[in-house]
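Presented below is the structure to which this report refers.
Everything numeric in this text was worked out from a predicted model, so none of it was measured.
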Amino acid sequence: MGAEEPPRRRPRAPRLVAADAQGAHRALRRSGRPALVTASHQTPPSDPAAGPGLGRRAARGAAVSVGGQGVKAIVQMAGVVVLARLLSPADYGILALTTVVVGVGEIFRDFGLSTAAVQARTLSGQQRSQLFWINLAIGVLLAGMVVVAAPFVAQFFGQPALTDVMRALSLTFLLNGAATQYRASLERALRFKRIALIDATSPVFGLAVAIGLALAGAGVWALVAQQLTTGLVLMVMLVVSGGWAPGLPRRGVHMDGMLRFGWNMVGNQLVGYAANNVDSLLIGWRLGIAPLGVYNRAFQLLMQPYNQIRVPITRVAIPILSRLQGEPDRYWAFLLRGQIALGYTLCAALFLVSGSARPVTSLLLGAPWLEASPLLALLAIGASLQSLAMVAYWVYVTKGLTGHLFQWSLISAALKIACIVAGSFFGLVGIATGYAAAPLVAWPLSFLWLSRKVDMPLPAIYAGALRIFLVGGLAGGASFALDVFATHGLPDVVAIVLNTLAGLTAAALALILPGVRSDVLRIRETVGMLRP
């Protein structure tokens, strides 16, 4: 399926991209090293999506994707608010533990082949069909393995209910296996509007089923049905929107490069998954199911909306940057602009959530869940630091450096696991503190590690990130101070509004810095690209 025709250029857009490209080029010259050009990834002149309108397409694609995921986040947040009042912490603990175990298989089910399909320079119809059958076959295999392993996992954790829940959720491997390459095809064709519509619609059906079953007293099975229903609707809509049917698998189709790319992605994702879920495993093993339910509600309250922004931005960034391999100045200009847009929106919002964690938890989950508020504050700080590390991930993937990404993942995972294990001796708050401390150490090291393999404007990247942290820290600190000393006894909505206003006012003080003012102007220019 070919890329859509780019929209007509406004006269201003090419100058903005050129200015960014010159800035990135100057940063590379100051580093004393030549810009890296990968010949095998040069963008052909015939590619319509790589023309001067690519900046506008990137901005619009990101806006559409984030908008669609925003609707999905609202639906998921509504589910958190409603279902938290109908289900117990133990119900959420069972699902959280099951999701951690089953999620390992989901990494193997994808096998990195969705990213391989999007990143590939060319992709034939037969290659796409082969990828479909590989993903589906792995899904069938993993579903069978989970069915067999379920009683042993339940016995290890001392939770008999895990057996049936794990076996039911094994069906997600089949649903996701069938849908993987259809989503990849839509992303490759930059059909972000269609993807946004699908992602926003499918959770509505899952939530409706979950609420109905929760009201009927189904307990944890309401949450299981929610996931299965959402996955089924998502698969059907992706297949219908894809407009293609897989051919029969055949021998002789060249797949070595994609499988090698996918295997490296699997290794990286496995290491990252272990690091990202060691907190839940430690809580379930050492503290019990109910504390895990409390931690899981704080985690999901934050991560569900966070992921609805983080994931679509990455899905837009990777195909766009992949098309710019032959233009290093434009490549780094897009990357720097993406870091700024990401930091001044997502990171700043997370710092504000951290400052108002108490009223946010009370409003959305209810007073019985207030013990989750310090966890939410710490997890928000950790997520803000993680979000900027995504910029390095974009470079690894789009330049095909998945082997080096795997090496870095081993290092960062070791740091994260060490921080969380150390924090686990101090209970739930200690674990959340370890979760927040790990990316504080890891994110600057990640760019240093990457710079060993890629010529990049490292000073410009670091300087931009430090400005983002300054603005976010001012916003979160002012919001927290007002909540502690002035708004603690006010209604939750009033406290959140006042805390947010205080945070935004404090963040505005950073405008005295020329670099921050320049960043704000770039964000305004990016927003201007959204106009028709």
- Taking Thr98 for its side chain and Ile94 for its backbone only, find out whether a donor-acceptor pair lies under 3.5 Å. yes
- Note on the structure: Nearest heavy-atom approach of Ala290 to Pro89 is O-CB, 3.9 Å
- Item | Where at least one partner belongs to residues 488-497, residue pairs that pass side chain to side chain donor-acceptor pair (under 3.5 Å), sequence neighbours excluded | Ser362-Asp492
- Can you check side-chain contact (heavy atoms from CB on, under 4.5 Å) on Gln226 and Val209, steps first, answer last? CA-CA 6 Å; Gln226 181 182 21; Val209 171; over 6 Å; no
- Query: How would you list all residue pairs meeting side chain to side chain donor-acceptor pair (under 3.5 Å) that involve residues 203-212, not counting sequence neighbours?
  - Reply: none
- Worked check of side-chain contact (heavy atoms from CB on, under 4.5 Å) between Val360 and Ile496: CA-CA 7 Å; Val360 167; Ile496 292 171; 3.9 Å; yes
- Item | Considering all heavy atoms, the nearest Val224-Ala168 contact | CG1-CB, 3.9 Å
- Query: Can you name the residues that form a side-chain hydrogen bond (donor to acceptor under 3.5 Å, both in side chains) with Trp449, not counting sequence neighbours?
  - Reply: none
- Message: Checking Phe480 now: which residues fulfil ring-ring contact (aromatic ring centres under 6.0 Å, His included) with it, not counting sequence neighbours?
- Response: none
- Name all residues meeting the side-chain hydrogen bond (donor to acceptor under 3.5 Å, both in side chains) criterion together with Tyr435; count only those two or more places apart in sequence or in a different chain, and write none if there are none. Gln386
- Message: Quick check: do Leu174 and Met235 have side-chain heavy atoms less than 4.5 Å from each other?
- Response: no
- Message: Measuring from atom CG of Leu445 to atom CG of Leu450, what distance do you get when rounded to the nearest 0.5 angstrom?
- Response: 12.5 Å
- With a 4.5 Å limit on heavy-atom distance, are the side chains of Phe447 and Val391 in contact? yes
- Query: Excluding sequence neighbours, so at least two apart, what forms ring-ring contact (aromatic ring centres under 6.0 Å, His included) with Phe469?
  - Reply: Trp443
- Message: How long is the straight-line distance from CG of Leu282 back to CZ of Phe425, given to the nearest 0.5 Å?
- Response: 9.0 Å
- Note on the structure: The side chain to side chain contact (heavy atoms under 4.5 Å, CB included) partner of Thr433 among Ile420, Leu378, Ile381 is Leu378
- Note on the structure: Rounded to the nearest 0.5 angstrom, the CG-CH2 distance for Leu448 and Trp408 is 8.5 Å
- Item | Atom pair CE (Met145) and CZ (Phe173), whose distance is rounded to the nearest 0.5 Å | 9.0 Å
- Should Thr487 and Pro359 count as side-chain neighbours, where that means a heavy-atom distance under 4.5 Å? no
- Message: Once salt bridge (Lys or Arg N to Asp or Glu O under 4.0 Å) is applied, do any residues pair with Arg167, and if so which ones, sequence neighbours excluded?
- Response: none
- List the steps and the verdict of side-chain contact (heavy atoms from CB on, under 4.5 Å) for Phe152 and Phe156. CA-CA 6 Å; Phe152 302 101; Phe156 175 81; over 6 Å; no
- Message: By the side chain to side chain donor-acceptor pair (under 3.5 Å) test, which pairs, at least two apart or in different chains, include something from residues 461-474?
- Response: Arg467-Asp519
- Could you state the interatomic distance from CG (Asn296) to CG (Leu375), rounded to the nearest 0.5 Å? 11.0 Å
- Not counting sequence neighbours, which residues clear side-chain hydrogen bond (donor to acceptor under 3.5 Å, both in side chains) with Thr201? List them please. none
- Leu335 side chain reached by Ile461 side chain, heavy atoms, under 4.5 Å: yes
- Message: When you compare the side chain of Thr398 with that of Tyr393, does any pair of heavy atoms fall below 4.5 Å?
- Response: no
- Item | Closest contact, heavy atoms only, Gly177 versus Asn135 | O-CB, 3.6 Å
- Query: So which pairs with a foot in residues 281-292 pass salt bridge (Lys or Arg N to Asp or Glu O under 4.0 Å), sequence neighbours left out?
  - Reply: none
- Query: Can you tell me how far the CG atom of Leu228 sits from the CG atom of Leu169, to the nearest 0.5 Å?
  - Reply: 5.5 Å
- With a 3.5 Å cut-off and no angle check, do the side chains of Ser356 and Asn499 form a donor-acceptor pair? yes
- Taking C-beta and beyond as the side chain, do Arg183 and Leu234 meet within less than 4.5 Å on heavy atoms? yes
- Item | Positive for side chain to side chain contact (heavy atoms under 4.5 Å, CB included) with Ile431, one of Val421, Asp279, Val278 | Asp279
- Item | Closest non-hydrogen atom pair, Ala178 against Phe132 | O-CE1, 3.3 Å
- Message: Working note: Val220 + Leu87, criterion side-chain contact (heavy atoms from CB on, under 4.5 Å); need CA distance, chi angles, decisive distance, verdict.
- Response: CA-CA 8 Å; Val220 68; Leu87 302 172; over 6 Å; no
- Note on the structure: Sorted by chain and number, sequence neighbours left out, side-chain hydrogen bond (donor to acceptor under 3.5 Å, both in side chains) with Arg358 holds for Asp483
- Scanning both residues in full, the closest heavy-atom pair of Ala214 with Leu83 reads CB-CD2, 3.9 Å
- Message: Within the 4.5 Å heavy-atom criterion, are Trp221 and Val165 side-chain neighbours or not?
- Response: yes
- Task: Taking all non-hydrogen atoms of both residues into account, name the closest pair between Cys347 and Leu388 and its distance.
- Result: SG-CG, 3.9 Å
- Message: Are the side chains of Thr361 and Glu371 in contact, using a 4.5 Å heavy-atom criterion?
- Response: no
- Note on the structure: Tyr92 meets the ring-ring contact (aromatic ring centres under 6.0 Å, His included) criterion, sequence neighbours left out, with none
